[in-house]
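One structure is given here, and the rest of the page talks about it.
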Amino acid sequence: MFPDLPDVTRFARILRWIKAWFNVLPLDEAARLLPAGRLPERAAAITFDDGYADNVTVALPLLAKTGLPATFFIASGYLDGGCMWNDAVIAAIRAWPGESFDGAPFGLGRYGLSGPADRRRAVDACIDRMKYRPAADRRAQAHALAAAAKIAVPSDLMMTSEGVRVLHRAGMTIGAHTVTHPILRKLPDAEARDEIERGRQRLEVITGSRVGLFAYPNGRRGEDYDERHVRIVRETGFDAAVSTNPGAGGAASDLMELPRFTPWDRRRLGFCARLAHNLVEARRAGTAAAPAVTRAGSDRSRDPA
Ligand SMILES: [Zn+2]
C-alpha cells in the first residue's frame, strides 16, 4: 500500500549517500558541539521516531554495517505489544472486505477500495480526519475500525523493551518521545508534563542510562507543540530536543527546537538537490550554519499523532 516508503534496498542506498556526503555524528554529541560552533563541516545526525520494531530488525543491521550512528525517539507506551492508533487504522483499511468503505459510523467519509492506491488514499483521508480528535476517542475509533474489519489490532509493530536495550547496547542513542504520542497542544499543561517526564523515566529504567534527548510528537511548532512545551522540556532537564520544522541547525539554533528534514527522493540527484535546497532555505531564513538532521519515521507523513 505504501510504495513510496523506503524499503531495505532503498534505505541502504540512502545510508551510503549520507555516509559519502556527510560527517554523521550521534545527535547528543552534535548538540554539545553545535552551540560552540565546533561541529565538523557537513555535519548530520540521523533519527528515527516512534519505536517501530523494524528499526531494530531492519535498520540497525544496516546502520551497523555502514558504521553510522543514529538516535531512536521512542513513545514508551507502545513498547511490548502496543499499537499506535494510526497503525490500527491502516491495518483495518488494508483488511477491509469489499470494494468500498463507508466511514459514516466513525465520523469518516466514503471511499472506494478497489486497489492498493485506493486503500492508501482512504487511509490518508481517515488519518487526517482523526488526527486532531481527542486521544481517547481516536484510539477507541481506531480499535472499533479494526473490530469492524474483523482483525486483531497488530501487536508486533512496535519494539519490545529488549529491542530498546539492543539498540542501546549497539551504541545507538535512545531519546524520549512521550508515553502515548499525544498532540501536546491538545493537553492541559500538567498532562503534557506528565507525558514528557514519564516517557523519559521508562526509557531510563529500560536502558539503565540517562536519556538526554526529546522529540516532540508530530513536531510542528504552533500546531503540535508551542512555547509551553519547549519550557517543560527545558525544565525537565533535557539537553536538546528536535521538531519536524524543516531546516538546518546552526550555532544560533535553540537546542530545544532543532529542525529536522526528511529528504524523500528516490534518485541520488533529487535527494541531493532536496538537501541542498533545504540548506539554502534555512540559510536564507538565517537559522542555519551547516548541519542537517535527517530523520526516518512516520511523523510528517502518515504519523499518528
Ligand atoms: Zn512520532
Side-chain angles (χ1 to χ4, degrees), residues 25-36 45-51 55 69-80 82 84 134-135 158-159 161 164-165 167-168 172-245 247 249 251-260 287 291 293 295 297-300 303-305:
L25 289 82
L27 182 57
D28 47 355
E29 189 183 329
R32 273 194 297 278
L33 298 174
L34 182 68
I46 300 171
T47 67
F48 292 76
D49 283 14
D50 302 335
N55 292 178
T71 298
F72 296 80
F73 291 103
I74 295 164
S76 66
Y78 300 102
L79 291 170
D80 303 307
M84 298 178 82
M158 310 310 285
M159 277 176 213
S161 298
V164 178
R165 284 188 284 269
L167 291 173
H168 184 65
M172 300 293 159
T173 308
I174 302 300
H177 198 39
T178 73
V179 179
T180 67
H181 205 279
I183 302 286
L184 292 168
R185 287 193 77 232
K186 294 278 179 188
L187 297 183
D189 287 3
E191 274 179 46
R193 183 181 292 271
D194 188 59
E195 280 274 352
I196 292 166
E197 287 179 354
R198 282 197 302 121
R200 179 193 202 182
Q201 284 160 6
R202 171 96 190 269
L203 295 171
E204 290 184 335
V205 168
I206 290 171
T207 60
S209 298
R210 179 174 176 274
V211 169
L213 300 175
F214 178 77
Y216 301 92
N218 257 38
R220 276 173 290 193
R221 177 181 248 277
E223 217 168 308
D224 304 311
Y225 74 94
D226 59 35
E227 61 282 354
R228 291 171 300 163
H229 311 106
V230 177
R231 194 179 62 241
I232 291 169
V233 167
R234 188 173 278 121
E235 287 170 0
T236 308
F238 283 102
D239 303 322
V242 293
S243 67
T244 58
N245 304 312
S253 294
D254 183 347
L255 279 180
M256 294 299 148
E257 283 186 87
L258 292 172
R260 287 192 293 175
T287 56
V293 177
R295 60 181 290 280
S298 57
D299 301 58
R300 292 313 294 275
D303 194 52

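- The salt bridge (Lys or Arg N to Asp or Glu O under 4.0 Å) test applied to R228 returns D189, D226, not counting sequence neighbours.
- For R165, the side chain to side chain contact (heavy atoms under 4.5 Å, CB included) partners are S161, E162, R169, I206, not counting sequence neighbours.
- Counting heavy atoms from C-beta outward, H229 and R185 have side chains that approach closer than 4.5 Å.
- In this structure a side-chain-to-backbone donor-acceptor pair under 3.5 Å is missing from E257 to S243.
- R221 has its side chain out of reach of Y216: every pair of non-hydrogen atoms, C-beta onward, lies at least 4.5 Å apart.
- One N or O on the side chain of R200 and one on the backbone of V211 form a donor-acceptor pair closer than 3.5 Å.
- The closest side-chain heavy-atom distance from L184 to I196 is below 4.5 Å.
- With hydrogens and angles ignored, the 3.5 Å screen pairs no side-chain donor or acceptor of S76 with any backbone N or O of L203.
- No side-chain heavy atom of E195 sits less than 4.5 Å from a side-chain heavy atom of I232.
- By the side chain to side chain contact (heavy atoms under 4.5 Å, CB included) test, P69 pairs with V24, P26, sequence neighbours left out.
- Inter-residue side-chain proximity for V230 and D254 is flagged as met; some heavy-atom pair is nearer than 4.5 Å.
- Legend: residues meeting ring-ring contact (aromatic ring centres under 6.0 Å, His included) with Y78, ordered by chain and number and at least two apart, are absent.
- Partner of V164 under the side-chain contact (heavy atoms from CB on, under 4.5 Å) criterion, chosen from R202, M172, M159: M159.
- Taking 4.0 Å as the cut-off between side-chain N and carboxylate O, D28 and R210 do not count as a salt-bridged pair.
- F214 places a side-chain heavy atom less than 4.5 Å from the side chain of T178.
- Take A30 and apply the side chain to side chain contact (heavy atoms under 4.5 Å, CB included) test, not counting sequence neighbours, and it matches L25, L39.
- Between H181 and N218, some side-chain heavy-atom pair lies under the 4.5 Å cut-off.
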Inset, instruction - Give the C-alpha distance, both sets of side-chain angles, the deciding distance and a yes or no for side-chain contact (heavy atoms from CB on, under 4.5 Å) between R260 and L27. - result: CA-CA 12 Å; R260 287 192 293 175; L27 182 57; over 6 Å; no
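- In this structure, F48 and F72 have parallel ring planes: the angle between them is below the 30° cut-off, well short of the 60° mark.
- With hydrogens and angles ignored, the 3.5 Å screen pairs a side-chain donor or acceptor of H177 with a backbone N or O of A215.
- Taking the side chain to side chain contact (heavy atoms under 4.5 Å, CB included) definition, one finds that S209 meets it with H168, T207, sequence neighbours left out.
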